[in-house]
Amino acid sequence: MKKELQLESIKKWLPALRKTSEVTQSNHPIIISGPCSAETESQTITTCKQLAATGKVHALRAGIWKPRTRPGQFEGVGDIGLEWMVNARKETGLPITTEVATAAHVEASLKAGVDILWIGARTTVNPFSVQEIADSLKGVDIPVMVKNPVNPDLELWIGAVERLSKAGITKMAAIHRGFSSFEKGPFRNAPMWELAIDLKTRIPELDIICDPSHITGARDLISFVSQKALDLDMVGLMIESHITPDAAWSDAKQQVTPTALSKILDALIVRTASSDSKSFKDTLVALREQIDQLDDDIMHKLSARMKISEKIGQYKKENGVTILQVNRWEEIINTRVAMGLAMGISEDFSKEFLKLVHQESIQIQTNVMNDALDKHANV
Ligand code: PEP
Ligand code: MN
């Protein structure tokens, strides 16, 4: 059973940022950009001015206090960076956002007049830290964006949103920046899109922004992940940008110049969540009817398959044969995966699907065998 959500009202505030850029069309993604870290005043201000000049950025970001994996790396310029960001806002007219991890960070950011705060992935994992931030924000209704925790734990992500909500924060957003994983994939952090989709289903009123920079860890992959995020109906993107990315003091490989950012944004296809056109709606209804029919067939076939499994379970029991027969299982996997591939179904999907079907069959057969044990016990 899922625990009931402990949320007060969540207000929409991100769409209002559209008025800060030339791109104001109502379905256009909100773009937050700026360097991973504020390094020097001129690097911060020049980057922000170039970003503003593209006309496509709605808010400016920069890290002032940097949570680094190992000590001895650049850990941020500290409070002085807030002054640089305030100057960047003066020069560009764009709102500014920075990461806070402690009550002291919150206090300094509020004092400097930062417009939006965000909580980093390494902080969202720690309920003590999130609670400290929430407590320090009591009575202040500043927008706060919550990055997903580094580990793929949706409850922890939701818990952070709940803590802020209970402290009276109403303007919130979630940032999807991917999850740390031991297995090395193509990305720095595995996107595990299903977690962001689950969050959207659990808290539909909470807008989600994607951070393709920290998901990919590589500038060449940013376009691809950004497009995917838009196609999943995320409302915006947070993308790191630096005037000289290769010379950046943190996250050099994933930062892009403001010019490159502008090109990435130009190439994005912005689709709408729905269309008012009658022929579009009619076609969609017809296609969905076909899907409904096919799902119906799939469920009936699955049910028939499970009933046969049950019969096999009975038969094995009567003949004293074990449930699991590895050879048979391997044969199923090999033949079905090959068949699926020939029909355009990916190997990963077939394997996952068959694994679930097999687990359910084993469960059914285990019940058949245990039923016999229970009856035995009653004699
Ligand atoms: C960042 O935005 O620079 C940052 C530190 O991100 P994350 O918390 O996602 O690692
Ligand atoms: Mn970064």
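Ligands are counted one by one from 1 in listed order, and the atoms in each one are counted from 1 as well. Keep in mind it's a predicted model, so treat the numbers as computed, not measured.
In terms of polar-atom proximity, defined here as any N/O pair under 3.5 Å, R177 does make such a contact with ligand 1. Considering backbone and side-chain N/O atoms, P67 never comes within less than 3.5 Å of an N/O atom of ligand 1.
Contact analysis puts C36 in contact with ligand 1, with a non-hydrogen atom separation below 4.0 angstrom. Under the 4.0 angstrom criterion for non-hydrogen atoms, K66 is in contact with ligand 1.
For the 3.5 Å distance criterion, the side chains of S361 and S309 qualify, holding a donor opposite an acceptor. Side-chain contact annotation: D297 with H300, donor-acceptor N/O pair under 3.5 Å absent. Between the side chains of S262 and K56, at least one donor N or O sits under 3.5 Å from an acceptor N or O. Checking R219 against Q254 by side-chain atom types alone, no donor-acceptor pair falls below 3.5 Å.
Taking the Mn ion (ligand 2) as reference, the nearest N/O/S atom within E240 carries the name OE2.
Of all protein heavy atoms, the one lying nearest to atom 6 (O) of ligand 1 is K147 NZ, 2.9 Å. Among all protein heavy atoms, the one lying closest to atom 8 (O) of ligand 1 is A121 N, 2.8 Å.
Distances below 4.0 Å separate heavy atoms of R61 from the following atoms of ligand 1: 1 (C), 2 (O), 3 (O). Close approach to G120 involves these atoms of ligand 1, each under 4.0 Å from a residue heavy atom: 8 (O). Taking a cut-off of under 4.0 Å to the non-hydrogen atoms of E99, the atoms of ligand 1 that pass are 4 (C), 5 (C).
Note: angle at the Mn ion (ligand 2), from OD2 of D251 to NE2 of H214, is 90° (rounded to 10 degrees).
Using a 4.0 Å cut-off between charged side-chain N and carboxylate O, D198 and R202 make no salt bridge.
The closest donor-acceptor contact from the side chain of S241 to the backbone of G34 lies at 3.5 Å or more, if one exists at all.
Looking at every heavy atom in both residues, D115 comes nearest to P143 through O-CD, 3.3 Å.
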